[in-house]
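Side chains included, hydrogens not; waters and symmetry mates left out as well; all remaining heavy atoms used.
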Amino acid sequence: MLKAKSHNNSATLQYIDSPGLSELVDSLTVPPRHLLINKLPLYDGEPYITLQNGGVHFIAQRAFNRSQFLGALAKRGYRVIDEWQLESISCFVPFHPERAVPRYTGLYLARND
């Protein structure tokens, strides 16, 4: 018996160069009323791109500035309803401790309609 594979689209925003989430929302005729985002590297410093060590491969990953990311969504009518921290996922850039993202973030946002 064959089983359908489940595709987990969680934790992909940091791997997309362009367009960003706010630009994707802008491109929709009807923007979603709710956004559920999980495993996002948000922190209070400057945004940056680094390499994530995947063991047998490396992949470019973006870290987002919290206020810029949430501010761009707020301009599009979204507000944070809930936020949680993922203690088991982090990002540390060797030789750049100021770039540390000690915990990734999950967010639930809703439009102000």
Side-chain angles (χ1 to χ4, degrees):
M1 178 172 171
L2 295 174
K3 288 187 176 182
K5 289 187 178 180
S6 171
H7 295 284
N8 183 352
N9 291 328
S10 180
T12 58
L13 287 177
Q14 66 266 32
Y15 303 116
I16 300 171
D17 179 35
S18 177
L21 180 59
S22 53
E23 291 82 14
L24 284 172
V25 168
D26 287 345
S27 72
L28 299 172
T29 305
V30 178
R33 180 147 172 76
H34 305 276
L35 296 175
L36 185 60
I37 304 166
N38 198 26
K39 301 179 185 175
L40 188 66
L42 284 182
Y43 86 124
D44 293 325
E46 290 297 314
Y48 65 89
I49 297 173
T50 188
L51 290 177
Q52 181 182 34
N53 183 346
V56 296
H57 66 279
F58 290 88
I59 186 167
Q61 169 184 267
R62 180 182 310 273
F64 301 93
N65 174 277
R66 174 182 302 282
S67 346
Q68 289 175 1
F69 186 87
L70 294 176
L73 291 172
K75 286 180 184 176
R76 287 150 179 91
Y78 289 94
R79 69 184 185 291
V80 176
I81 303 297
D82 196 9
E83 180 175 341
W84 56 94
Q85 301 300 306
L86 296 131
E87 302 289 332
S88 61
I89 306 172
S90 59
C91 175
F92 294 98
V93 181
F95 310 109
H96 294 279
E98 73 281 5
R99 301 287 192 208
V101 182
R103 289 171 296 285
Y104 280 29
T105 301
L107 298 164
Y108 166 47
L109 299 101
R111 284 186 54 85
N112 292 325
D113 300 332

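- Between P102 and S90, the shortest heavy-atom distance links the atoms O-CB, 3.2 Å.
- When side chains are defined from C-beta on, D17 counts as touching R62, because their heavy atoms get closer than 4.5 Å.
- Between atom OH of residue Y78 and atom CG of residue L21 there is a gap of 8.0 Å, rounded to the nearest 0.5 Å.
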Distance-only criterion, 3.5 Å: show the donor-acceptor pairs between side-chain atoms of residues 50-58 and protein atoms not counting sequence neighbours.
unit_1, atom_1, unit_2, atom_2, d
Q52, OE1, Y15, OH, 2.5
Q52, NE2, Y15, OH, 3.4
N53, OD1, G55, N, 2.8

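- Shown here for P19 and L24, the closest heavy-atom pair between the two residues is CG-CD2, 3.6 Å.
- Across D82, L35, L70, N38, a single residue satisfies side-chain contact (heavy atoms from CB on, under 4.5 Å) together with L107, and that is L70.
- Considering every non-hydrogen atom in both R66 and Q85, the closest pair reads NH2-NE2, 4.4 Å.
- For N112, the side-chain hydrogen bond (donor to acceptor under 3.5 Å, both in side chains) partners at least two apart in sequence or on another chain are R79.
- Scanning both residues, L13 and F69, for their nearest heavy atoms gives CD1-CZ, 4.3 Å.
- Applying the 4.5 Å side-chain rule to ILVMFWY residues, one finds L36, Y43, Y48, I81, L86, I89, V93, V101, Y104, Y108 in the same cluster as W84.
- Contact annotation: the side chain of P31 approaches that of R111 to within less than 4.5 Å [non-hydrogen atoms, C-beta and beyond].
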inquiry  = Does K75 form a side chain to side chain contact (heavy atoms under 4.5 Å, CB included) with S22? I'd like the steps, not just the answer.
reply    = CA-CA 9 Å; K75 286 180 184 176; S22 53; over 6 Å; no
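- Between the CD atom in E83 and the CG atom in L42 there is a gap of 7.0 Å [rounded to 0.5 Å].
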